[in-house]
**Student:** 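Pasting in a structure now, in structure tokens, and then I'll have a few things to ask.
Numbering of ligands and ligand atoms starts at 1, following listing order.
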Amino acid sequence: MNNPDIETATLSVRLAAVVDNYRTCARLADTRIAGVVKAGAYGLGMEPVARALANIGCDTFFVARLEEGARLRPIVPDTRIFVLDGAPLHCAEALIAHRLTPTLNSLDEIAVWSAVAHSRRTSLDAAVHIDTGMNRLGLPAYEATVLVSEARERLRDLNLVLVMSHLACSDDPSAKMNAQQLARFRAALAMLPPAPASLAASGGVMLGRDYAFDLARPGIALYGGNPQPGTPNAFKTVACLTGRVLQLRCVDKGEVVGYGATFQAERPTTLATVALGYADGLMRAIGNRGMGAINGMRAPVVGRVSMDLITLDVTEIPSATVGTEIEFIGDTISLEEAAAAARTANYEILTAIGARVPRVHVSAP
Ligand SMILES: *Cc1c(COP(=O)(O)O)cnc(C)c1O
């Protein structure tokens, strides 16, 4: 339950910005856009995000797990939901029951899904995921070779609704691997039965029309992350993580702060202790490195992050008082700044935000 009177921390999620970012993807890629809402829409709340996207005409979603697809199905009943994990035999019943479309990741899965179709005397929708060099998920090259030479036979019982691949380095527009994967993907498409194709996630959306094909699958861009950190961000801030000051104190030069006494004041210092910690997703790595912000003014994190608390130097911000709201992600501290301080990626900053932090979804105006 959300009760602003007692809440100390909040993750507010601007659904209007998600919608804007979806449209920005459509404009940049000039193709159809699916919503990637796996991992609870990257921690922001799958249900409200999926609803907001479906309301503006998004008719295709991607999740990772079967369970996510099952949860999403009643929320967006009239859409296509792809399950990236694929279709091992024990999942077939549930995939069909929830009208989920698996992305088949191996010849084995193609055989299993075909056998299920055959035994039901029907054909089943499927996506085929070709691995073009990332070597993570999808048919590896030696399996893709078999598939293209025996496509008629092996895909006989399936409706091939999508052929997809995934880029390993699309966060870096200068990476040679992008063009290499594009060439491999085109070669595979040329030898497979005609079907809609999809290569680009958020990074791919930034790589231009060549990478757009028939469907792009952005996730992080919808949530305001910069798909290519270090370049200007085309996407609007969606997530704002704030905590409140629980206590203020003034310490003398030479005093230390927090576990391990890792910070020592070099001047008389005003400290604000805020009710957010690593159990809420603020990474320990930002101890003595990260920043919070009060009304756009930055305050450095001092000392270690503890489970429920973090301490900031607010000496330069005299307006700070008990109850003052401090931003850790939002309009001042971008996901990318937070990620750099934590030595991680914008993705992990979002997905790490703890279950304890209430999500407040701000609807489109
Ligand atoms: C997670 C994922 C996406 C979305 O990636 P972003 O970088 O967040 O846009 C797209 N496709 C696949 C296969 C994924 O696993």
**Student:** Counting each atom of ligand 1 from 1 as listed, which ones have a heavy atom of Ile220 under 4.0 Å away?
**Tutor:**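 Every atom of ligand 1 under 4.0 Å from some heavy atom of Ile220: 6 (P), 8 (O), 9 (O).
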**Student:** Less than 4.0 angstrom from a charged side-chain N to a carboxylate O is my criterion; do Glu153 and Arg156 meet it?
**Tutor:**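 Looking at Arg156 together with Glu153, the answer is yes, because their closest N to O distance falls below 4.0 Å.
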**Student:** What do you reckon, are the aromatic ring centroids of Tyr223 and Tyr347 less than 6.0 Å apart?
**Tutor:**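 Not under 6.0 Å, so no.
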**Student:** Looking at atom 9 (O) of ligand 1, what's its closest protein heavy atom, distance included?
**Tutor:**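 Sorting protein heavy atoms by distance from atom 9 (O) of ligand 1 puts Ser202 OG, 2.5 Å first.
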**Student:** I need the contact type for Phe62 against ligand 1. Using non-hydrogen atoms and a strict under-4.0 Å cut-off, is it side chain, backbone, both or neither?
**Tutor:**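 None of Phe62 does.
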**Student:** Counting heavy atoms only, which part of Met134 comes closer than 4.0 Å to ligand 1: side chain, backbone, both or neither?
**Tutor:**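 The answer is neither.
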**Student:** Report the part of Leu84 in contact with ligand 1, treating N, CA, C, O as backbone and CB onward as side chain, heavy atoms under 4.0 Å; options are side chain, backbone, both, neither.
**Tutor:**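 For Leu84, the contact with ligand 1 is made by the side chain alone.
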**Student:** Of all the atoms in ligand 1, which lie at a distance below 4.0 Å from a heavy atom belonging to Arg136?
**Tutor:**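 Checking each atom against Arg136, I get 15 (O).
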**Student:** Salt-bridged, Asp20 to Arg14, with N to O below 4.0 Å?
**Tutor:**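 Arg14 and Asp20: not salt-bridged.
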**Student:** Please identify which atoms of ligand 1 are closer than 4.0 Å to at least one heavy atom of Tyr42.
**Tutor:**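 Per the distance check, 1 (C), 4 (C), 5 (O), 6 (P), 8 (O).
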**Student:** Just which atoms of ligand 1 are under 4.0 Å from any heavy atom in Gly219?
**Tutor:**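 Under 4.0 Å from Gly219, ligand 1 has these atoms: 4 (C), 6 (P), 8 (O), 9 (O).
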**Student:** Is Lys38 touching ligand 1 with its side chain, its backbone, both, or neither, if touching means heavy atoms under 4.0 Å apart?
**Tutor:**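 Under 4.0 Å from ligand 1, Lys38 contributes side-chain atoms alone.
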**Student:** As an exercise, identify every atom of ligand 1 less than 4.0 angstrom from a heavy atom of Pro218.
**Tutor:**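 Under 4.0 Å from Pro218, ligand 1 has these atoms: 9 (O).
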**Student:** Is atom CG of Asp210 surrounded by more than 12 heavy atoms (other residues, nucleotides or ligands) closer than 6.0 Å?
**Tutor:**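 Buried by this count: over 12 neighbours within 6.0 Å.
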**Student:** Is there at least one pair of N or O atoms, one from Arg217 and one from ligand 1, spaced under 3.5 Å apart?
**Tutor:**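 Right, the criterion is met.
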**Student:** More than 12 heavy atoms of other residues, nucleotides or ligands under 6.0 Å from CE of Met307: yes or no?
**Tutor:**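 Count not over threshold, so no.
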**Student:** Which of the atoms in ligand 1, numbered in the order shown and given with their element, are less than 4.0 Å from a heavy-atom of Tyr347?
**Tutor:**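 Near Tyr347, meaning under 4.0 Å from one of its heavy atoms, ligand 1 has 6 (P), 7 (O), 8 (O).
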**Student:** Tell me whether Arg267 is salt-bridged to Glu316, with the criterion being a basic N under 4.0 Å from an acidic carboxylate O.
**Tutor:**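 Judged by the 4.0 Å cut-off on N to carboxylate O distance, Arg267 and Glu316 do form a salt bridge.
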